[in-house]
Novice: 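Questions regarding the structure given below will be posed in turn.
These numbers were taken from a predicted model, which means no experiment stands behind them. FYI, side chains are in, hydrogens and waters are out, and symmetry mates aren't considered; it's all heavy atoms of this structure. So you know, we letter chains A, B, ... as the sequences are listed, proteins then strands, and number each from 1.
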Protein chains: 2
Amino acid sequence: MEKLEFKAFFYAIGDYSRFSILSSLSKRGLNVSEIALETGIEQSNVSHHMKCLLNCGFVRVMRNGKEHVYSINSEIIPIITSIIRHIEKYKKEIISCDIADMNYISRMIK
Amino acid sequence: MEKLEFKAFFYAIGDYSRFSILSSLSKRGLNVSEIALETGIEQSNVSHHMKCLLNCGFVRVMRNGKEHVYSINSEIIPIITSIIRHIEKYKKEIISCDIADMNYISRMIK
DNA sequence: TTAATATATGATTCATGATTCATATATCAT
DNA sequence: ATGATATATGAATCATGAATCATATATTAA
C-alpha cells in the first residue's frame with residue numbers, strides 16, 4: 001500500500017464531520033441543506049466536505065433543479081460499519097489514547 | 001459513537017508512520033531500534049509514536065534490559081488488515097480524492 | 001429580467017498533528 | 001564509578017487540515 005492512497009483514505013474518512021455526513025447518508029440520500037440541518041454543520045462547510053467525499057468516490061450526486069442530492073456509494077458502507085463496530089467494542093482502550101499529548105498541553109498552557 | 005473516541009481512534013491509526021509501525025509489528029515483536037531501522041523513522045520520533053500506540057492499547061511493551069520490545073495487541077490486527085484490503089481494492093477511486101485541495105494549493109503558490 | 005433560493009468557491013484564520021533537536025534517564029559492561 | 005548504548009522526553013518548528021467569511025454561480029419563480 002502506498003502512502004498517497006493511505007493518506008487520501010484517512011483524510012476523507014478520518015474527519016468526524018465527514019464521517020457524520022457519511023453516517024447520515026447511509027440511511028438515505030440528502031441535499032446540502034438537509035445535511036447541514038441533520039449534522040449541524042454550516043452550509044459552505046458542508047459543500048467543502050462534499051467536494052472531498054465526491055472526489056474520493058465515497059458519495060455520488062444527482063442534481064434536481066436547485067438541489068444537489070447526495071447519496072452514499074454503497075461499497076463503503078461495510079468499512080464504515082466495521083469501523084463503528086470496532087470503536088464501540090474497544091472504546092475503553094481507545095479512549096485512554098493520549099491525544100492531549102505534551103505537545104498540545106504545552107501549547108494550551110501558553 | 002462519541003467524537004472523542006472517534007478522534008482518538010483515527011488520531012492513532014490514521015498516521016502513515018504509526019500505521020507502518022503497526023504493520024511491522026503485526027509480523028513480530030520489535031524493539032525501538034529495530035522499528036526505526038525497518039520503517040526508516042528516526043529514533044525519538046519512534047518513541048513518540050510508541051507512546052501514543054501504547055496509550056491507545058494498540059501495542060504492549062516488554063522490557064528486556066536496555067531494550068523495550070513492543071508487540072501488537074492482536075485484537076486490532078483484523079481492523080488493520082480489513083483497512084488495507086479496502087484501500088487496495090478501491091485505490092483507484094481513493095487516489096482521485098483531491099487531498100491537494102485549493103486551500104493547500106493556494107498556500108503552495110505563495 | 002429581477003428576486004429568491006440552493007449550492008459552490010477561494011481566501012483567510014485557526015487548530016492541531018508530525019518531526020526534529022537537544023537532552024534526560026535507565027541499563028549494561030568494564 | 002565510568003563510559004557506552006537504548007530509549008524517552010519536552011520544546012520548538014513545520015506541515016496541514018477544519019471552519020469561517022464573503023461572495024460567486026446556478027436555478028427557479030414571479
Side-chain angles (χ1 to χ4, degrees), chain A residues 3-4 6-21 29-37 39-56 59 61-70 97-110, chain B residues 3-4 6-21 29-37 39-56 59 61-70 97-110:
Chain A
K3 183 171 183 177
L4 187 57
F6 175 91
K7 288 205 72 173
F9 175 79
F10 278 99
Y11 172 87
I13 209 169
D15 173 65
Y16 192 68
S17 295
R18 280 193 287 275
F19 197 87
S20 304
I21 291 170
L30 296 169
N31 66 32
V32 172
S33 307
E34 290 169 333
I35 294 169
L37 195 68
T39 61
I41 302 166
E42 183 265 340
Q43 177 270 315
S44 78
N45 197 8
V46 170
S47 289
H48 283 299
H49 287 314
M50 297 327 288
K51 186 181 181 185
C52 166
L53 293 172
L54 202 56
N55 284 336
C56 265
V59 302
V61 66
M62 266 191 39
R63 302 190 170 205
N64 179 26
K66 282 180 290 192
E67 349 171 24
H68 295 192
V69 179
Y70 288 93
C97 181
D98 191 15
I99 283 199
D101 66 2
M102 288 316 295
N103 194 337
Y104 181 64
I105 289 170
S106 66
R107 261 196 301 246
M108 293 302 285
I109 289 168
K110 279 170 194 162
Chain B
K3 183 170 183 177
L4 188 58
F6 175 91
K7 289 204 72 171
F9 175 78
F10 279 99
Y11 172 87
I13 210 171
D15 173 66
Y16 192 68
S17 295
R18 281 192 287 274
F19 198 86
S20 304
I21 290 170
L30 297 169
N31 66 31
V32 173
S33 308
E34 289 168 333
I35 293 170
L37 196 67
T39 60
I41 302 167
E42 182 265 339
Q43 177 269 315
S44 78
N45 197 8
V46 170
S47 288
H48 284 299
H49 287 315
M50 298 325 289
K51 186 181 180 185
C52 166
L53 292 172
L54 202 55
N55 284 336
C56 265
V59 302
V61 64
M62 266 191 40
R63 301 189 171 204
N64 178 27
K66 282 180 289 192
E67 347 171 28
H68 294 192
V69 179
Y70 288 92
C97 180
D98 190 14
I99 281 200
D101 66 3
M102 289 315 297
N103 194 334
Y104 180 64
I105 289 172
S106 66
R107 261 196 299 246
M108 293 302 284
I109 289 168
K110 280 170 196 161

Novice: Return the CZ to CZ distance between A:F9 and B:F19, rounded to the nearest 0.5 Å.
Specialist: 9.0 Å
Novice: In whole angstroms, how far is the C1' atom of D:dA8 from the CD atom of B:E67?
Specialist: 16 Å
Novice: At under 4.0 Å between heavy atoms, what does B:Y70 touch on the DNA or RNA strands: base, sugar-phosphate, or nothing?
Specialist: sugar-phosphate
Novice: Taking only side-chain nitrogens and oxygens of B:R18, does any of them come within less than 4.0 Å of OP1 or OP2 of C:dA18?
Specialist: yes
Novice: Round to the nearest Å and state the distance from A:Y11 atom OH to C:dT16 atom P.
Specialist: 17 Å
Novice: For A:N55 and C:dA8, what is the distance between atoms CG and C1' respectively, to the nearest whole Å?
Specialist: 13 Å
Novice: C:dA8 P sits how many Å from A:K66 NZ, rounded?
Specialist: 14 Å
Novice: Can you name the side chain to side chain donor-acceptor pair (under 3.5 Å) partners of A:S44, sequence neighbours left out?
Specialist: A:E42
Novice: When you measure from the side chain of B:N55 to the backbone of B:K51, do you find a donor-acceptor pair of N or O atoms at a distance under 3.5 Å?
Specialist: yes
Novice: Looking at every strand, decide which applies to B:S47 at a 4.0 Å heavy-atom threshold: base, sugar-phosphate, or nothing.
Specialist: base
Novice: Would you say A:H68 reaches C:dA8's phosphate, i.e. side-chain N/O to OP1/OP2 under 4.0 Å?
Specialist: yes
Novice: A:R18 side chain to A:M50 main-chain N or O, any donor-acceptor pair under 3.5 Å?
Specialist: no
Novice: Could you pull out all residues at least two apart from A:N31 that satisfy side chain to side chain donor-acceptor pair (under 3.5 Å)?
Specialist: A:E67
Novice: How close or far is atom P of D:dT7 from atom CG of B:L53, stated in whole angstroms?
Specialist: 16 Å
Novice: Tell me the interatomic distance from B:H49, atom NE2, to C:dG17, atom P, rounded to whole angstroms.
Specialist: 13 Å
Novice: Return the set of residues passing side chain to side chain donor-acceptor pair (under 3.5 Å) with A:S47 (not counting sequence neighbours), or none when no residue passes.
Specialist: A:Q43
Novice: Output yes when at least one side-chain N/O atom of B:S17 is less than 4.0 Å from OP1 or OP2 of C:dA18, else no.
Specialist: no
Novice: Please name all residues satisfying side-chain contact (heavy atoms from CB on, under 4.5 Å) with B:K3, sequence neighbours left out, ordered by chain then number.
Specialist: A:Y16, B:K7
Novice: Mind calculating the distance between CG (B:D15) and C1' (D:dG17) to the nearest angstrom?
Specialist: 14 Å
Novice: Give each protein N/O atom lying under 3.5 Å from an N/O atom of nucleotides 21-24 of chain C, with the pair distance.
Specialist:
residue	atom	partner	partner atom	Å
C:dC21	N4	B:S44	OG	2.8

Novice: Mind calculating the distance between CZ (A:R63) and P (D:dA26) to the nearest angstrom?
Specialist: 9 Å
